[in-house]
Amino acid sequence: MSEVLDNLLYSEEHEWAEGEGRVVRVGITDHAQHLLGDIVFVEFPEIGAAITAGDSVGSIESVKTVSELYSPVSGTVTKINDALEASPELINDQPYSGGWIFELELEGDFADAASGLLNAAAYRELVGE
């Protein structure tokens with residue numbers, strides 16, 4: 001059974017978003033990392049790139065497959081998790097903490113930007129847990 005944290009919001013593409021004010025941190029869910037298997041490489045979005053919710057912004061490569069990485073909200077990429085370059089397996093080990101992938105700065109506040117995302121209960125229902 002996958003872990004779903006109540007304090008995060010989720011996309012139907014299995015990304016999570018955690019925001020405060022205008023800063024949002026993004027990663028993939030525990031459910032997604034279980035489906036992918038051992039992660040071996042992460043292709044990040046470019047710092048400074050303006051992205052729209054739903055855009056493919058990179059990819060995650062595992063021993064099984066390559067999966068697109070989508071942005072759950074719109075904003076400008078301000079930071080990537082450099083630790084994943086040397087240790088992409090952090091996504092498998094710590095999908096909600098050390099395995100975050102990138103941060104965005106929003107034009108507005110998080111509540112408005114995240115209005116189309118799923119809460120934990122709705123995400124659990126989506127993945128059948």
Side-chain angles (χ1 to χ4, degrees):
M1 187 168 195
S2 300
E3 182 179 24
V4 178
L5 301 183
D6 289 333
N7 63 317
L8 302 177
L9 295 175
Y10 302 88
S11 73
E12 291 183 5
E13 291 78 25
H14 309 289
E15 283 81 21
W16 57 262
E18 176 181 42
E20 186 173 323
R22 295 178 55 195
V23 177
V24 178
R25 184 169 275 187
V26 175
I28 66 167
T29 65
D30 189 41
H31 177 78
Q33 70 83 18
H34 278 297
L35 292 175
L36 288 169
D38 293 335
I39 295 170
V40 297
F41 180 76
V42 178
E43 177 190 5
F44 299 97
E46 282 190 40
I47 293 177
I51 56 179
T52 302
D55 281 355
S56 174
V57 296
S59 63
I60 299 173
E61 183 177 339
S62 72
V63 294
K64 293 182 185 178
T65 189
V66 175
S67 180
E68 293 293 314
L69 174 65
Y70 298 96
S71 183
V73 294
S74 300
T76 301
V77 178
T78 57
K79 188 185 236 185
I80 60 168
N81 186 352
D82 293 329
L84 297 179
E85 291 177 321
S87 301
E89 69 277 3
L90 282 172
I91 295 173
N92 295 116
D93 298 337
Q94 305 170 20
Y96 299 119
S97 55
W100 64 274
I101 300 172
F102 65 97
E103 287 185 356
L104 295 168
E105 184 173 344
L106 307 171
E107 290 189 19
D109 69 2
F110 181 63
D112 292 336
S115 63
L117 298 178
L118 306 171
N119 64 22
Y123 185 72
R124 283 185 192 100
E125 188 174 315
L126 175 74
V127 297
E129 296 189 9

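Nothing here was measured: the structure is a model prediction, and the numbers come from that model.
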Look up atom CD1 in I80 and atom CD in E85, then write down how far apart they are to the nearest 0.5 Å.
->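 Output value for this atom pair is 5.0 Å.
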Just how far is it from atom OG1 of T76 to atom CG of L106, taken to the nearest 0.5 Å?
->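 The distance works out to 9.0 Å.
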Could you walk me through whether L5 and Y10 pass the side chain to side chain contact (heavy atoms under 4.5 Å, CB included) test, one step at a time?
-> CA-CA 10 Å; L5 301 183; Y10 302 88; 3.7 Å; yes
Count I, L, V, M, F, W, Y as connected when their side-chain heavy atoms are under 4.5 Å apart, and connections chain through other members. Are [X] and [Y] then in the same cluster?
{"X": "L36", "Y": "V42", "answer": "yes"}
{"X": "L117", "Y": "V57", "answer": "yes"}
{"X": "F44", "Y": "I91", "answer": "yes"}
{"X": "L84", "Y": "Y96", "answer": "no"}
{"X": "I101", "Y": "I47", "answer": "yes"}

Any pair counted as side-chain hydrogen bond (donor to acceptor under 3.5 Å, both in side chains), so long as it reaches residues 60-69, sequence neighbours left out =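 As it turns out, the side-chain hydrogen bond (donor to acceptor under 3.5 Å, both in side chains) pairs with a partner in residues 60-69, which skip direct neighbours, are S56-E68.
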Heavy-atom neighbours of E46 CD exceed 12 at 6.0 Å |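 No - once you tally the heavy atoms of other residues, nucleotides and ligands closer than 6.0 Å, there are 12 at most.
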Quick one: which residue pairs count as a salt bridge (Lys or Arg N to Asp or Glu O under 4.0 Å) with a foot in residues 95-106, not counting sequence neighbours?
->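 Every pair satisfying salt bridge (Lys or Arg N to Asp or Glu O under 4.0 Å) with a residue in residues 95-106: R22-E105, R25-E103.
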How would you list all residue pairs meeting salt bridge (Lys or Arg N to Asp or Glu O under 4.0 Å) that involve residues 1-16, not counting sequence neighbours?
->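 Passing the test, one end in residues 1-16: D6-R124.
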Going by distance alone, is a donor N or O of one side chain under 3.5 Å from an acceptor N or O of the other, for Y123 and T29?
->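 Yes.
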How far apart are the closest heavy atoms of [X] and [Y], and which atoms are they?
{"X": "N92", "Y": "G37", "result": "ND2-O, 2.8 Å"}
{"X": "S71", "Y": "L104", "result": "OG-CD1, 3.6 Å"}
{"X": "S11", "Y": "L126", "result": "O-CD2, 4.4 Å"}

Heavy-atom side-chain contact between I39 and Q33 under 4.5 Å |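 I39 vs Q33: side chains touch.
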How about Y70 and H14: are their ring centroids closer than 6.0 Å?
->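 No, the ring of Y70 stays outside the 6.0 Å limit from the ring of H14, centre to centre.
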